[in-house]
Asker: 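Attaching a single structure in structure tokens format; questions to follow.
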Amino acid sequence: RTGSDGVRMLRSYIEFAMNGAATLSASHKNERTDDFVDSIAQFIRNQGFKVQQYVGCSGYKIDIAVKHPSNLVEQFVAGIECDGFSYSSARTARDRDRLRKSVLSNMGWSLYRVWSAEWYKNPEIEGQKLIAFIKRSISASNEIIKDLEVC
């Protein structure tokens with residue numbers, strides 16, 4: 001009930017210390033969902049890809065993570081960010097447009113951003129671009145897997 005970020009963070013830390021990982025999953029369930037993100041995720045599913053929404057364990061989550069199509073490979077091949085709620089909740093434009101992408105790219109994520117205005121203006125072309133990106137990401141992941149198998 002407080003407006004203080006410090007007090008809220010302290011409470012979250014104490015809850016985590018007392019309850020462990022269960023606290024993280026409980027906080028994940030209370031997150032606000034985004035209709036635009038949901039519609040993009042459904043579009044990707046309709047194209048035959050497996051996705052998981054809101055992936056991450058920090059305050060920032062990747063809106064949509066695309067899973068490798070093989071049942072033998074348990075990894076994400078691409079991250080899709082949308083300019084919905086999580087995008088607009090960033091404190092600064094620098095956080096939103098540079099830092100997130102930089103940090104996630106350094107962690108090995110292949111990222112793509114879907115702009116809602118462009119999507120609504122021309123969903124067919126934007127959908128084709130998104131699917132092409134996912135296919136390139138899968139191909140790149142397959143190359144990495146092949147290289148690892150050789151070693």
Side-chain angles (χ1 to χ4, degrees), residues 5 8-9 12-13 15-16 19-151:
D5 288 338
R8 279 197 305 261
M9 285 189 253
S12 296
Y13 174 77
E15 286 177 359
F16 177 75
N19 302 321
T23 304
L24 296 176
S25 61
S27 67
H28 177 73
K29 291 176 187 172
N30 294 331
E31 283 185 23
R32 181 176 174 182
T33 60
D34 186 319
D35 291 338
F36 181 61
V37 172
D38 293 343
S39 68
I40 299 299
Q42 189 57 50
F43 170 81
I44 296 169
R45 282 187 200 100
N46 290 344
Q47 303 303 310
F49 298 101
K50 298 179 280 188
V51 301
Q52 183 175 332
Q53 290 179 247
Y54 309 112
V55 172
C57 58
S58 66
Y60 174 69
K61 307 224 183 309
I62 294 176
D63 293 323
I64 303 166
V66 181
K67 296 179 179 182
H68 193 281
S70 170
N71 291 329
L72 301 175
V73 179
E74 287 289 324
Q75 74 177 33
F76 296 114
V77 294
I80 313 298
E81 294 186 305
C82 301
D83 63 345
F85 176 71
S86 66
Y87 180 82
S88 63
S89 67
R91 291 184 184 211
T92 66
R94 182 173 179 253
D95 289 347
R96 187 171 54 230
D97 295 328
R98 292 197 61 216
L99 291 178
R100 285 181 179 174
K101 183 171 178 145
S102 174
V103 169
L104 292 169
S105 293
N106 287 337
M107 293 174 68
W109 282 95
S110 177
L111 296 171
Y112 186 87
R113 181 164 292 143
V114 177
W115 297 103
S116 57
E118 295 298 318
W119 186 270
Y120 289 122
K121 188 168 71 173
N122 200 340
E124 188 173 312
I125 289 176
E126 295 303 314
Q128 290 172 359
K129 290 179 187 177
L130 174 58
I131 297 306
F133 166 78
I134 292 171
K135 288 179 179 178
R136 285 192 309 272
S137 297
I138 291 170
S139 294
S141 177
N142 288 339
E143 289 299 317
I144 292 169
I145 291 168
K146 283 181 190 175
D147 290 345
L148 291 174
E149 288 174 347
V150 171
C151 296

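Computation of the quantities below employed the complete heavy-atom set of this structure, encompassing side-chain atoms and omitting hydrogens, waters and symmetry-equivalent molecules.
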Asker: Of all residues at least two apart in sequence or in a different chain, which pass the side chain to side chain donor-acceptor pair (under 3.5 Å) check with N142?
Answerer: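 Once residues adjacent in sequence are excluded, the partners of N142 under the side chain to side chain donor-acceptor pair (under 3.5 Å) criterion are H68.
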Asker: Working to the nearest 0.5 Å, report the span between CD of E124 and CG of N122.
Answerer: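 Here the rounded value is 7.0 Å.
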Asker: Once you round to the nearest 0.5 Å, how far does CD of E81 lie from CD1 of I64?
Answerer: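 If we round to the nearest 0.5 Å, E81:CD and I64:CD1 are 10.5 Å apart.
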Asker: With F49, which residues qualify under ring pair (Phe, Tyr, Trp, His ring centres under 6.0 Å), at least two apart?
Answerer: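 So F49 forms no ring pair (Phe, Tyr, Trp, His ring centres under 6.0 Å) with any residue.
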Asker: Does K129 have any salt bridge (Lys or Arg N to Asp or Glu O under 4.0 Å) partners at least two apart in sequence or in another chain, and if so, which?
Answerer: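 K129 satisfies salt bridge (Lys or Arg N to Asp or Glu O under 4.0 Å) with E126 only.
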Asker: Determine the interplanar angle of the W109 and F76 rings, folded into 0 to 90°, and report it as parallel if under 30°, tilted if 30 to 60°, perpendicular if over 60°.
Answerer: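 Geometry flag for F76 against W109: parallel rings.
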Asker: Rounded to the nearest 0.5 Å, how far does SG of C82 lie from CG of D63?
Answerer: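 The distance works out to 5.0 Å.
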Asker: Could you walk me through whether Q42 and N46 satisfy the side-chain hydrogen bond (donor to acceptor under 3.5 Å, both in side chains) test, starting with their C-alpha distance in whole Å, then the side-chain angles of each, then the deciding distance to 0.1 Å, before giving a yes or no?
Answerer: CA-CA 6 Å; Q42 189 57 50; N46 290 344; 2.9 Å; yes
Asker: At what distance, to the nearest 0.5 angstrom, does CZ of R113 lie from CD of E118?
Answerer: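 Between atom CZ of R113 and atom CD of E118 there are 13.5 Å.
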Asker: Main chain of K135, side chain of S139: is a donor-acceptor contact present, judged purely on distance under 3.5 Å?
Answerer: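 Side chain of S139 to backbone of K135: a pair is present.
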Asker: If you round to the nearest 0.5 Å, how far is CD1 of I80 from CD1 of I134?
Answerer: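 Nearest 0.5 Å value for the CD1-CD1 distance: 4.5 Å.
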Asker: Can you name the closest pair of heavy atoms from F36 and S116 and give their distance?
Answerer: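 Nearest pair, atom of F36 first, then S116: CZ-CA, 3.4 Å.
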Asker: To the nearest 0.5 Å, how far apart are CG in D34 and OH in Y54?
Answerer: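 That separation rounds to 5.0 Å.
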